[in-house]
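Some notes on the structure that comes next.
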Amino acid sequence: MTKFSDLNLNPKVLKAVEDAGYETPTPIQAAAIPPALEGRDVLGIAQTGTGKTASFTLPMLSLLSRGRARARMPRSLVLCPTRELAAQVAENFDTYSKYLKLTKALLIGGVSFKEQDKLIDKGVDVLIATPGRLLDHFERGKLLLTGVQIMVVDEADRMLDMGFIPDIERIFSLTPFTRQTLFFSATMAPEIERITNTFLSAPERVEVARQATASETIEQGVVMLKASRRDREASEKRNLLRALIEREGDKCTNAIVFCNRKVDVDIVAKSLTKYGYDAAPIHGDLDQSQRTRTLDGFRAGDLRFLIASDVAARGLDVPAVSHVFNFDVPSHAEDYVHRIGRTGRAGRDGKALMICIPRDEKNLAAIEDLLQKAIPRVDNPLQSGTAPEAEAEAAPAPEKKAAKPRVSRRSKKSEEPKTDAPAAKAEETPKPQEAAEAPVAAPVAAQEAAPEPQQPAPKPERKERSSRRGGGGGSDRGRQDHGGGKVTGMGDHLPGFIALSFDERRTR
DNA sequence: AAAAAAC
């Protein structure tokens with residue numbers, strides 16, 4: 001079996017890889033690194049979690065190890081669709097370049113130009129950027145791309161989804177045509193194929209081998225929810241979410257809760273917080289500093305629940321989470337696979353639970369169609385006869401609190417949450433009489449009225465993770481952090497359909 | 001239909 005030491009990497013890069021605890025490359029690394037080191041273009045068809053990041057980071061560093069950058073003329077360029085992804089790639093470069101004297105700059109939006117300008121002026125070997133900010137720098141005349149020898153496009157299919165393709169084409173056209181191009185995409189949409197035909201020259205095509213599908217290590221379930229009244233739907237979804245979390249108990253050490261809309265991310269995060277859960281939101285409308293802080297906290301194990309839009313669905317290198325909750329059914333079936341792929345990583349067990357309301361049944365069917373498998377229906381803990389005991393535990397003395405109107409406390413303006421959460425307000429003033437009438441609502445009211453702060457999950461295990469992070473970051477990692485099980489290289493498990501070849505996928 | 005990304 002191939003080892004990193006067989007790949008002809010620069011010795012200093014190899015040393016950093018070994019320091020990080022890696023010996024055996026993943027399939028995509030083994031296949032992409034040799035041609036990349038020879039200076040060839042590479043077209044990588046791979047999903048996050050396959051070790052993709054290292055498959056371009058390691059050869060790039062090796063190739064750049066000699067030479068020096070000139071002012072405003074970066075020698076290489078990595079383009080990523082989201083800021084978090086770019087930051088993550090930057091961390092990877094730091095990890096594997098620690099024995100080299102290479103300079104690096106991260107150009108992403110949401111932060112000041114000043115620092116970025118300073119770095120560019122000094123000259124950088126590696127520039128990691130999101131397209132918008134990169135072009136912004138270029139248009140200010142701060143940046144010349146004519147010195148780019150290696151260009152990487154990461155997650156091209158997502159760039160396509162986000163409308164970045166014109167930007168990518170423009171950036172390509174600003175770099176010398178003699179550059180080496182490493183291009184990665186999870187799928188090969190016709191538009192992507194067109195770009196690669198235009199900008200890559202005789203690329204080595206590297207597809208990840210078929211592997212175990214994510215669904216084999218992820219236990220999936222969907223709860224069907226029909227709201228008692230249409231105007232209560234949102235609130236009842238939140239009740240159900242809490243009940244699902246409670247039912248998982250200690251098994252749920254940390255989780256990502258995905259919502260389709262940014263407003264709902266805010267509302268759900270606020271609602272969970274109000275009920276004593278350790279939760280924080282992340283989506284594109286939040287300050288970059290807050291996004292970074294939240295994500296770092298979650299990675300470090302200081303935050304138990306990350307409430308996220310699809311900004312966090314793909315590519316993010318989050319340590320194994322025990323659970324993914326889909327508060328909404330994603331409307332793109334493929335997003336489901338990406339979302340639940342945040343759990344069950346590196347062969348660990350994971351659980352993915354989703355809430356489906358009648359309106360979402362069509363999307364659910366599309367997901368099952370894609371998976372070619374039905375997602376097991378699971379009981380609604382608030383409706384079935386099995387749940388009440390569990391609930392009583394979770395919500396001590398509900399009778400007392402239910403009777404007590406909590407409106408007065410809320411009437412102080414100063415206590416209003418900053419973000420407007422109209423739907424959340426309905427929750428805060430439960431109406432006992434109505435609750436008694438509706439069969440569904442009775443347990444709901446009990447839950448609502450008892451925002452008993454629950455114990456955060458035991459922390460010791462999660463603390464460990466924070467130390468690992470400093471230790472090397474890995475790539476799209478499959479860290480060998482689980483007990484005895486053997487993991488090869490930095491690999492991870494893949495959803496089956498992603499591992500299919502182009503032709504196979506086309507015919508599906 | 002929404003999310004992401006530039007000011």
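Below, chain A is the first sequence line, B the second, and so on; all start at residue 1.
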Is the shortest side-chain N/O distance from [X] to OP1 or OP2 of [N] below 4.0 Å?
| X | N | result |
| --- | --- | --- |
| A:Arg83 | B:dA6 | yes |
| A:Ser309 | B:dA2 | no |
| A:Arg291 | B:dA5 | yes |

Contact class for [X] (heavy atom, under 4.0 Å): base, sugar-phosphate, or nothing?
| X | answer |
| --- | --- |
| A:Gly110 | sugar-phosphate |
| A:Phe113 | sugar-phosphate |
| A:Ser331 | base |
| A:Asp161 | base |
| A:Pro131 | nothing |

Rounded distance (Å) that lies between atom [atom2] of [N] and atom [atom1] of [X]:
| X | N | atom1 | atom2 | answer |
| --- | --- | --- | --- | --- |
| A:Asp335 | B:dA4 | CG | P | 12 Å |
| A:Arg140 | B:dA6 | CZ | C1' | 9 Å |
| A:Ile282 | B:dA3 | CD1 | P | 15 Å |
| A:Leu107 | B:dA5 | CG | C1' | 14 Å |
| A:Ile108 | B:dA4 | CD1 | C1' | 13 Å |
| A:Ile168 | B:dA6 | CD1 | P | 11 Å |
| A:Asp287 | B:dA5 | CG | P | 13 Å |
| A:Asp310 | B:dA1 | CG | P | 17 Å |

Subject >> Step-by-step side chain to side chain contact (heavy atoms under 4.5 Å, CB included) determination, A:Ile128 to A:Lys104 >> reply: CA-CA 8 Å; A:Ile128 300 143; A:Lys104 173 211 78 184; 3.8 Å; yes
Original post:
Under 3.5 Å, is there a donor-acceptor pair linking the side chains of A:Ser289 and A:Arg291?
Top reply: no
Original post:
With a 3.5 Å cut-off and no angle check, do the side chains of A:Asp161 and A:His332 form a donor-acceptor pair?
Top reply: no
**OP:** Look at the side chain of A:Thr82 and decide which nucleotide, out of B:dA1, B:dA6, B:dA4, has an atom nearest to it.
**Re:** B:dA4
Original post:
Between B:dA6, B:dA2, B:dA4, which one does the side chain of A:Glu139 approach most closely?
Top reply: B:dA6
Subject >> Distance-only donor-acceptor test (3.5 Å): side chain A:His283, base B:dA2 >> reply: no
Subject >> A:Leu145 side chain reached by A:Leu134 side chain, heavy atoms, under 4.5 Å >> reply: yes
Original post:
Does A:Arg170 have any side chain to side chain donor-acceptor pair (under 3.5 Å) partners at least two apart in sequence or in another chain, and if so, which?
Top reply: A:Glu139
